[in-house]
Visitor: 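Quick one: the structure is below, questions incoming.
Throughout, a chain's letter reflects where its sequence line sits, starting with A, and its residues are numbered from 1.
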There are 2 protein chains.
Amino acid sequence: MDSLLGIGLVSRRTGLTQHVIRIWERRYGAVKPDRTATKRRRYSVGDLERLNLLSLLTRSGHGIGSVAGMPTASLRELVGGLSGKAAPAPASPVETKLVESFIEECVAAIRSFDGGRLQAALRHLETRLGAHGSLQRGVAPLVCIVGELWRMGDVTVAHEHFASVEIRRFLSSATRSYAQGESAPLLLVATPAGQLHELGALLASSAAGNMGWRVVHLGVGLPAAEIAGAAVQSRARAVALSLVHPEDDPALGPELLKLRELLPGEIPIIIGGRAVRGYRDTVRRIKAIHLEDLGRFCATLDKLRTLRPAGKGC
Amino acid sequence: MDSLLGIGLVSRRTGLTQHVIRIWERRYGAVKPDRTATKRRRYSVGDLERLNLLSLLTRSGHGIGSVAGMPTASLRELVGGLSGKAAPAPASPVETKLVESFIEECVAAIRSFDGGRLQAALRHLETRLGAHGSLQRGVAPLVCIVGELWRMGDVTVAHEHFASVEIRRFLSSATRSYAQGESAPLLLVATPAGQLHELGALLASSAAGNMGWRVVHLGVGLPAAEIAGAAVQSRARAVALSLVHPEDDPALGPELLKLRELLPGEIPIIIGGRAVRGYRDTVRRIKAIHLEDLGRFCATLDKLRTLRPAGKGC
DNA sequence: CATTCTTTGACAATCTATTGACGATTCTGA
DNA sequence: TCAGAATCGTCAATAGATTGTCAAAGAATG
């Protein structure tokens, strides 16, 4: 077994303290790293994955003592099914087929304004791919496709709104990870003034909730001053914005600048959504973190949680 | 059996207090979790489902004592057949006190962006007043008050948006629509172009869902043509509009006229919300049914369902 | 030599179990 | 209609378990 990672590295990559890693080993035998001749721990990539899984599970409410002893495969299953993210994206042919038929079914349901059918499809996918997998590989693509259909005039505004409402109903009821306690970092999610499409923001909120963040979701079309005020008052660790529809709103650039100005410097701004391209310069100017897909968004959240409080330079 | 969920986790996922979970176990044997060597409860996913079902059932009026002993399959069945119907309307002094403290608690939660606290208050009220009663006598007033606070500048736009999102999350999870088959009448709910406040519409949708209507909720800010198109396509029996904020939008009058024109004559338009007064003439002109409060809205729905067997066979 | 790592014991904060009691509501039978 | 009984959620207090964090001292690394 190639065990070559030092504890410092593992600590940084998992977001766990070195202390915690050692304690988990000593008390629960969570991992059993090799040792060098001089007793230093050497972790394998398998250990790394294991620790990442355990980190996710403890964050979403499991006691470490009850999961530390399980085989890695079971951990993966628990993570996929109950709350966390499914880091590996295997994209097997079976799965792509599943997702394809899912999308097809959803679009048909939307076209006929059949809410029950849409909810059924969403639930079905969730049982197959888990909370996070269904978001990343099912709902997110669906949202894009609906947007596309609308832009091409293939479905009406009413269809698009209807889909938004139903998808958001699903997301609301699927995301239950409330009450993470005061200690969990807080993400503020919103859409700046002029941006009225809410699904991107909702996806972000759900994903963040699944990953153990507390989330304050402010919805759609908020002026910069409001966002900044709320962020300060709720002591958010980061602010996430979603830009989807108008790609050329001249008022949005100044709005973003103002937000950066009003927001304390240590609170990063994360921006995602297909319309970002229209405001690229501004986004760069305010040093926002630009993320195109949900997977990267999750990875960034993980990094932010561990890097920020320690004050470690990024 | 794989029993690995701690009571804390189960509590968060079911919305039940740890205390309640334990009491249900002790008094009614609702679940029989395994124990660790140190007597801690370990729940299986089956237990989790069971508790979720029981939570739903008690919230909609069943006594815990009468359902706690039933096999899980029967619980599922019972939940499937749920369709609101609770809490007539006693309006006792005890209740007004309850509602008052509820509102107070909610406003405090909103001011501090505390979603968990807000959800807890909402749930609590629901257990006391039932699905229907809590809507009519708790949530509806709350919505009005939040709107009032916002208009007076007493809370910011961010607070108002935040409240909208959380209340709508509650409504989404509380409303058990889709239980009805093809035969149930269908109500289309929306907000016309220019009207961007969605809570009124959402309340209407929930109430209608509770009363056994199928609901197509189109959300906020839709042009007349879109509403009419969707109504025709989904074969709605009625269209409900909510008017809340701009009371003097000159574009809204023509929009309403256009809607009446595009809509088949046998489909009535129901209009509610505090901004209706600003458009009184138009509302009268299009022969819309104007309803000021949720109670009358429900009554009207009942009448429409029975009086309007327009297409008796379908 | 500064930094990183290991081990150990101790500590504090949080979570959990159990018990008994309390108060509000609802049910029941006269 | 009314008193008593039953139902049901909540609370408080104590004891014990679980889990993250810390400090100190020595060893290894580069």
Side-chain angles (χ1 to χ4, degrees), chain A residues 3-12 14-43 51 54-55 57-59 61-69 179-184 306 309-310 312, chain B residues 4-12 14-31 33-43 51 54-55 57-59 61-69 86-88 90 92-95 97-98 101 120-121 123-130 133:
Chain A
S3 305
L4 27 76
L5 312 173
I7 195 172
L9 189 64
V10 173
S11 163
R12 276 188 294 270
T14 57
L16 299 168
T17 316
Q18 298 189 12
H19 287 303
V20 170
I21 298 175
R22 293 197 197 98
I23 277 297
W24 283 5
E25 177 189 339
R26 190 173 95 195
R27 297 214 264 239
Y28 317 105
V31 288
K32 297 188 175 53
D34 290 341
R35 300 294 186 116
T36 67
T38 55
K39 313 197 90 183
R40 302 217 157 182
R41 292 171 173 82
R42 282 289 106 104
Y43 296 88
L51 286 171
L54 289 175
S55 168
L57 286 174
T58 51
R59 239 178 284 144
H62 288 83
I64 178 62
S66 57
V67 290
Q180 291 288 343
E182 283 294 314
S183 65
T306 62
K312 275 208 168 150
Chain B
L4 27 77
L5 311 175
I7 195 171
L9 193 63
V10 172
S11 162
R12 274 185 294 249
T14 57
L16 298 169
T17 314
Q18 297 189 13
H19 223 100
V20 170
I21 298 175
R22 285 193 275 258
I23 282 295
W24 284 5
E25 176 191 340
R26 191 172 95 193
R27 298 216 262 239
Y28 318 105
V31 288
D34 290 340
R35 299 293 187 116
T36 68
T38 53
K39 314 199 89 185
R40 298 208 160 192
R41 293 170 173 83
R42 280 290 106 102
Y43 297 88
L51 287 171
L54 289 175
S55 169
L57 287 173
T58 52
R59 257 183 283 153
H62 289 80
I64 177 62
S66 58
V67 290
S92 64
V94 176
E95 188 195 295
K97 189 127 180 247
L98 178 68
S101 68
R123 268 166 188 275
H124 178 73
L125 191 78
E126 196 195 12
T127 65
R128 307 299 296 274
L129 298 186

Visitor: Could you check how far CD1 of Ile21(A) sits from C1' of dT4(C), rounded to whole Å?
Guide: 14 Å
Visitor: Starting at atom CZ of Arg22(B), determine the distance to atom C1' of dT16(C), rounded to an integer number of angstrom.
Guide: 6 Å
Visitor: What residues, two or more places apart in sequence or in another chain, satisfy side chain to side chain donor-acceptor pair (under 3.5 Å) together with Arg22(A)?
Guide: Gln18(A)
Visitor: Please step through side-chain contact (heavy atoms from CB on, under 4.5 Å) for the pair Trp24(A) and Leu54(A), ending with a clear verdict.
Guide: CA-CA 10 Å; Trp24(A) 283 5; Leu54(A) 289 175; 3.7 Å; yes
Visitor: Between Arg35(B) (CZ) and dT16(C) (P), how many Å, whole number?
Guide: 13 Å
Visitor: Could you tell me how far apart Leu5(B) (CG) and dT16(C) (C1') are, to the nearest whole angstrom?
Guide: 16 Å
Visitor: Write down the distance between CD (Gln18(A)) and C1' (dT7(C)), rounded to a whole number of angstrom.
Guide: 14 Å
Visitor: How many Å lie between CD on Glu25(A) and C1' on dT6(C), as a whole number?
Guide: 11 Å
Visitor: How large an angle, rounded to 10°, do the end axes of the helix from dC1(C)-dG30(D) to dA30(C)-dT1(D) enclose when each is built from five base pairs?
Guide: 30°
Visitor: Grab the OH-C1' distance between Tyr43(B) and dC15(C) for me, whole Å please.
Guide: 13 Å
Visitor: How does protein contact run along nucleotides 8-16 of chain D, one letter per nucleotide 5' to 3', with B for base contact, S for sugar-phosphate only, - for none, heavy atoms under 4.0 Å?
Guide: BBBBB---B
Visitor: Can you name the side chain to side chain donor-acceptor pair (under 3.5 Å) partners of Arg41(A), sequence neighbours left out?
Guide: Glu25(A)
Visitor: Can you see if the side chain of Thr38(A) gets near the phosphate of dC5(C) - specifically, an N or O under 4.0 Å from OP1 or OP2?
Guide: no
Visitor: At under 4.0 Å between heavy atoms, what does Arg41(B) touch on the DNA or RNA strands: base, sugar-phosphate, or nothing?
Guide: sugar-phosphate
Visitor: Would you give the length of the straight line joining atom CD1 of Ile7(A) to atom CG of Leu51(A), rounded to the nearest 0.5 angstrom?
Guide: 9.0 Å
Visitor: Which whole-number value in Å describes the distance from Lys39(A) NZ to dT7(C) C1'?
Guide: 8 Å
Visitor: Name all residues meeting the side chain to side chain donor-acceptor pair (under 3.5 Å) criterion together with Thr38(B); count only those two or more places apart in sequence or in a different chain, and write none if there are none.
Guide: Thr36(B)
Visitor: For the pair His62(A) and Leu5(B), evaluate side-chain contact (heavy atoms from CB on, under 4.5 Å) and give the outcome as yes or no after the intermediate values.
Guide: CA-CA 7 Å; His62(A) 288 83; Leu5(B) 311 175; 3.5 Å; yes
Visitor: Between Ser11(A) (side chain only) and Leu16(A) (backbone N and O only), is there a donor and an acceptor less than 3.5 Å apart?
Guide: yes
Visitor: Applying side chain to side chain donor-acceptor pair (under 3.5 Å), can you list everything that pairs with Ser55(A), at least two apart in sequence or on another chain?
Guide: Arg59(A)
Visitor: Working note: Tyr43(B) + Thr14(B), criterion side-chain contact (heavy atoms from CB on, under 4.5 Å); need CA distance, chi angles, decisive distance, verdict.
Guide: CA-CA 12 Å; Tyr43(B) 297 88; Thr14(B) 57; over 6 Å; no
